[in-house]
Amino acid sequence: MTANLLDYDLEGLALFCERLGEKRYRAVQLFRWIHQKGAVCFDDMTDLAKSLREKLATTAHLSGLPVISQHLSKDGTIKWLFDVGGGDAVETVFIPEDDRGTLCISSQAGCAVGCRFCSTGHQGFSRNLSTAEILGQLWFAEHFLRKHLHQSERVISNVVMMGMGEPLQNYAALLPALRVMLDDHGYGLSRRRVTVSTSGVVPMLDRLALDCPVALAVSLHAPTDSLRDDLVPLNRKYPLAELLDACNRYLAHAPRDFITFEYCMLDGVNDQIAHAQELVRLVRERAGVGFTCKFNLIPFNPFPASGLIRSSMAQVQLFARILSDAGIVTTIRKTRGDDIDAACGQLAGDVRDRTGVEERITRQRRIAIHHITDVVSADRSQ
Ligand code: SAH
Ligand code: SF4
């Protein structure tokens with residue numbers, strides 16, 4: 001088996017080149033061809049010596065992920081479903097805004113954390129993605145968008161690890177991927193514009209702080225351990241006090257001077273006035289040690305098996321007001337791409353049923369065709 005060069009950060013590629021008897025600057029050239037120019041074959045890399053290209057052809061390859069489907073939302077959001085083999089599929093979402101282009105990337109096929117309000121969690125865990133599979137989503141999306149938007153400059157300015165999976169439970173593959181995102185010879189993204197979102201894997205938060213401190217979002221969802229134990233089962237292992245201490249330690253390294261807490265608004269479950277007041281108390285307890293945070297309230301995106309209901313907008317606004325009045329910066333997340341099921345927590349790679357792989361991929365393709373047809377006909381009728 002030859003090596004997939006999408007698996008390497010620059011250091012890894014330099015070691016690979018060394019083993020081929022090549023100098024480090026060759027690795028930099030190669031790395032730029034792959035990530036900055038989106039080259040898909042070694043013959044395109046015209047400033048590399050022919051001898052090196054020949055060596056690469058026999059020892060390495062560049063393999064992205066096969067696209068099963070692509071859905072375009074009326075608001076410009078694009079969702080791709082990628083085939084990662086063995087009947088597993090993962091999703092990636094591009095969200096264009098006036099001043100930025102954000103790519104939401106998956107880190108695992110399924111997720112082992114099993115949060116009650118999350119479609120991915122309900123499907124169970126299938127496997128970790130490799131670095132190449134994580135980066136392959138960015139590599140594909142960036143160069144696809146540049147080509148289709150006729151843009152030579154960077155299209156994706158922000159990456160959020162908020163797709164399927166718990167990134168900090170796939171740390172070994174995540175770390176090189178983050179390094180490539182930040183590398184000036186790679187995607188050159190600022191640390192402030194790459195966000196790892198986690199349900200709270202405390203030991204790995206400390207590792208990330210030292211290895212690659214990017215922006216951090218922590219999925220809180222509850223002000224007390226008893227409620228959080230139920231909504232985010234990982235809380236039983238790393239309860240709130242430990243998680244908040246880890247956030248505090250992270251702040252010393254973070255590229256921003258605050259942590260974002262995500263809070264999914266579930267009708268009658270965690271959205272009452274008492275919950276907001278409890279959250280204020282929780283945050284204030286930490287304020288003495290210089291703790292700063294922002295809240296991002298996410299209206300729950302329903303899916304059939306959850307049995308949960310989205311809070312009313314009035315309740316979300318009331319909740320936001322209680323936090324804001326207590327001096328905590330609070331925003332309400334705009335839902336994007338909900339006409340194509342691309343909103344938070346709706347990403348579903350259909351991983352539980354491990355039989356009938358071919359059939360399922362065909363079915364997913366069929367669903368995708370329906371979606372595209374819907375979007376196209378909706379566009380025409382406007
Ligand atoms: N595993 C990581 C990152 C992926 S989930 C984490 O949990 O942080 C990204 C965000 O979507 C998290 O804040 C998660 O709580 C939220 N989310 C999951 N399911 C959701 C749903 N059905 N509606 C709204 N937000 C959801
Ligand atoms: Fe996993 Fe995040 Fe979904 Fe929880 S919310 S099940 S941690 S992907």
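FYI, side chains are in, hydrogens and waters are out, and symmetry mates aren't considered; it's all heavy atoms of this structure. Order of appearance sets the numbers: ligands from 1, and atoms from 1 within every ligand. Since we're looking at a predicted model, the values are computed, not measured.
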For a quick check under 3.5 Å, do [X] and [Y] share a side-chain donor-acceptor pair by atom type?
{"X": "Ser107", "Y": "Glu166", "value": "no"}
{"X": "Ser197", "Y": "Glu262", "value": "yes"}
{"X": "Gln29", "Y": "Arg26", "value": "yes"}

- Message: As a test of understanding, state which of His35, Gln36, Arg193 forms a side-chain hydrogen bond (donor to acceptor under 3.5 Å, both in side chains) with Tyr187.
- Response: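 The passing option is His35.
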- Short side-chain to backbone donor-acceptor contact, Asn170 and Leu129, under 3.5 Å: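 Indeed, once roles are kept as given, a pair shorter than 3.5 Å links the two residues.
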Can a salt bridge be assigned to the pair [X] and [Y] using a cut-off of 4.0 Å between side-chain N and carboxylate O?
{"X": "Glu54", "Y": "Lys50", "value": "yes"}
{"X": "Arg321", "Y": "Asp325", "value": "no"}
{"X": "Glu11", "Y": "Arg179", "value": "no"}

Check if [X] has a non-hydrogen atom at a distance under 4.0 Å from any atom of ligand 1.
{"X": "Ser119", "answer": "no"}
{"X": "Arg310", "answer": "no"}
{"X": "Met161", "answer": "yes"}
{"X": "Gly163", "answer": "yes"}

Checking a contact table here: which protein heavy atom is nearest [atom], and how many Å away?
{"atom": "atom 4 (Fe) of ligand 2", "answer": "Cys115 SG, 2.3 Å"}
{"atom": "atom 2 (Fe) of ligand 2", "answer": "Gly165 O, 4.4 Å"}
{"atom": "atom 3 (Fe) of ligand 2", "answer": "Cys118 SG, 2.3 Å"}

- Would you say Ser219 has any N or O atom under 3.5 Å from an N or O of ligand 1, going by distance alone?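 Indeed, backbone or side chain, Ser219 has an N or O that close.
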- Say whether Phe117, considering both its backbone and side-chain N or O atoms, lies within less than 3.5 Å of an N or O atom on ligand 1.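 N/O-N/O distance under 3.5 Å: yes.
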Under 4.0 Å from a heavy atom of [X]: give me the atoms of ligand 2 that qualify, with their elements.
{"X": "Ser199", "result": "7 (S)"}
{"X": "Gly114", "result": "6 (S)"}
{"X": "Gly121", "result": "6 (S)"}

- Begin with the C-alpha distance, continue with both residues' side-chain angles, and end with the deciding distance and a verdict on ring pair (Phe, Tyr, Trp, His ring centres under 6.0 Å) for Phe144 and Phe94. CA-CA 11 Å; Phe144 171 90; Phe94 174 67; 9.6 Å; no
- For atom 1 (Fe) of ligand 2, decide whether Cys111 has an N, O or S atom at a distance under 2.8 Å.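 Here the distance criterion (N, O or S atom, under 2.8 Å) is met by Cys111, so yes.
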Relative to the heavy atoms of [X], which atoms of ligand 1 are at a distance of less than 4.0 Å?
{"X": "Cys118", "answer": "18 (C), 19 (N)"}
{"X": "Gly165", "answer": "1 (N), 2 (C), 3 (C), 4 (C)"}
{"X": "Cys264", "answer": "23 (N), 24 (C), 25 (N)"}
{"X": "Thr198", "answer": "6 (C), 8 (O)"}

- Message: Using a 6.0 Å cut-off, check whether atom CG of Asp184 has over 12 heavy atoms from anything other than its own residue.
- Response: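 For Asp184, atom CG is not crowded (no more than 12 foreign heavy atoms under 6.0 Å).
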- Would you say the side chain of Val67 lies within less than 4.5 Å of the side chain of Phe82, judging by non-hydrogen atoms?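 Result yes, sub-4.5 Å side-chain heavy-atom pair found.
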- Item | Candidate list Leu244, Thr330, Leu216, test side-chain contact (heavy atoms from CB on, under 4.5 Å), partner Phe261, passing option |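 Result: among Leu244, Thr330, Leu216, Leu244 is the only option passing the side-chain contact (heavy atoms from CB on, under 4.5 Å) with Phe261.
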- Check each heavy atom of Asn301 against ligand 1 and say whether those closer than 4.0 Å belong to the side chain, the backbone, both or neither.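 It is both backbone and side chain that touch ligand 1.
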- Name the option, out of Glu262, Glu166, Met164, that contains the heavy atom nearest to atom 10 (C) of ligand 1.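 The nearest heavy atom belongs to Glu262.
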- Query: Would you say Ser219 touches ligand 2, if touching means a heavy atom closer than 4.0 Å?
  - Reply: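 Ser219: no contact with ligand 2 (<4.0 Å).
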